[in-house]
Amino acid sequence: ILNVEQSPQSLHVQEGDSTNFTCSFPSSNFYALHWYRWETAKSPEALFVMTLNGDEKKKGRISATLNTKEGYSYLYIKGSQPEDSATYLCAFSGGATNKLIFGTGTLLAVQP
Amino acid sequence: SQTIHQWPATLVQPVGSPLSLECTVEGTSNPNLYWYRQAAGRGLQLLFYSVGIGQISSEVPQNLSASRPQDRQFILSSKKLLLSDSGFYLCAWSVLRAGGGETQYFGPGTRLLVL
């Protein structure tokens, strides 16, 4: 059974704080690692997809890194804003398949 | 541009009643289609996926079934709902491309409460 784990489960930060969360995934048979942002009452929105060891992706104040050899990815948010409040999901794709295995997410709450 | 629709948005059903949730995609052809469920306190669980009309793969044994009668239509059904079927159901699509790992795009979801 493939397991994708995310930590922490939830995080409360003040506006302006920088923060990061972790996604752990199987290091064997890796194909792609995805990050999604899921705001309340909306659909999950794709942030990044990473395929190569050492990949770094950036979108505004949000960035992500990937280590496929040890099976982890970090998501960083610089200078958190209240609109960053959401659940951040990572999803692992192993082998040549279109199936994604999701972690349980990190719930981020940014207080103004 | 591509859009994905789901309905209904919310549903309250008694135990033992049937279920039909519909998902349609616009602006793309021959997509991969997926049904996910998020139960309370749990992550997104893949229920079914389809790579073409009439082709359905079931990921977990359960009380639900799926059908794809048209290229851009995906239906989730049950003959008799259980309490444990309560949850948030999301439909998603991705480009059908050899190799896999494609980004999936989600619909607005259906919140189902079985009483």
Side-chain angles (χ1 to χ4, degrees), chain A residues 1-10 21-26 29-53 55 57 59 64 66 68 73 86-107, chain B residues 1-7 9-10 23-25 28 30-52 55-61 66 74 87-111:
Chain A
I1 296 177
L2 298 175
N3 210 25
V4 177
E5 296 183 354
Q6 291 187 246
S7 62
Q9 277 192 325
S10 64
F21 347 118
T22 305
C23 172
S24 302
F25 53 85
N29 210 26
F30 173 86
Y31 193 86
L33 192 282
H34 300 248
W35 281 100
Y36 286 82
R37 175 170 59 202
W38 194 359
E39 295 179 65
T40 303
K42 294 187 177 180
S43 312
E45 172 196 358
L47 287 174
F48 306 114
V49 55
M50 295 181 286
T51 56
L52 298 175
N53 184 44
D55 255 357
K57 293 283 178 88
K59 188 176 182 179
L66 179 67
T68 61
S73 174
T87 296
Y88 290 82
L89 297 168
C90 71
F92 164 83
S93 175
T97 171
N98 284 292
K99 293 190 288 185
L100 298 182
I101 299 170
F102 281 86
T104 52
T106 293
L107 175 62
Chain B
S1 63
Q2 301 87 5
T3 54
I4 178 169
H5 305 278
Q6 281 186 248
W7 64 91
T10 58
C23 169
T24 58
V25 182
T28 187
N30 201 23
N32 281 352
L33 295 172
Y34 310 83
W35 277 112
Y36 289 89
R37 174 173 62 200
Q38 185 191 37
R42 302 183 66 179
L44 280 177
Q45 181 185 37
L46 180 63
L47 302 176
F48 301 96
Y49 75 96
S50 171
V51 298
Q55 301 178 63
I56 308 294
S57 295
S58 175
E59 288 300 295
V60 292
F74 205 21
F88 191 63
Y89 289 81
L90 280 165
C91 180
W93 73 273
S94 70
V95 173
L96 178 63
R97 189 173 294 160
E102 296 296 327
T103 295
Q104 294 182 13
Y105 301 92
F106 289 87
T110 294
R111 189 162 300 283

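Residue numbering restarts at 1 for every chain, and letters A, B, ... go by the order of the sequence lines.
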Trace of the side-chain contact (heavy atoms from CB on, under 4.5 Å) decision for B/Tyr36 with A/Leu100: CA-CA 10 Å; B/Tyr36 289 89; A/Leu100 298 182; 4.0 Å; yes

Contacting moiety of B/Gln6, where chain A heavy atoms sit under 4.5 Å: neither

Which portion of B/Gln45 sits near chain A, non-hydrogen atoms under 4.5 angstrom: neither

Note, A/Tyr36 side chain near B/Leu44 side chain (heavy atom, < 4.5 Å): no

More than 12 heavy atoms from other groups under 6.0 Å of CD on A/Gln9: no

For chain B, which residues of residues 43-53 of chain A have heavy atoms nearer than 4.5 angstrom: A/Ser43, A/Pro44, A/Ala46, A/Val49

Proximal component of A/Leu33, with respect to chain B [non-hydrogen, under 4.5 Å]: neither

Pairing residues for B/Tyr34 by the side-chain hydrogen bond (donor to acceptor under 3.5 Å, both in side chains) criterion, not counting sequence neighbours: B/Asn32, B/Ser94

Heavy-atom check, side chain of A/His34 versus side chain of B/Gln104, under 4.5 Å: no

Stepwise side-chain contact (heavy atoms from CB on, under 4.5 Å) test for A/Trp38 and B/Phe106: CA-CA 10 Å; A/Trp38 194 359; B/Phe106 289 87; over 6 Å; no

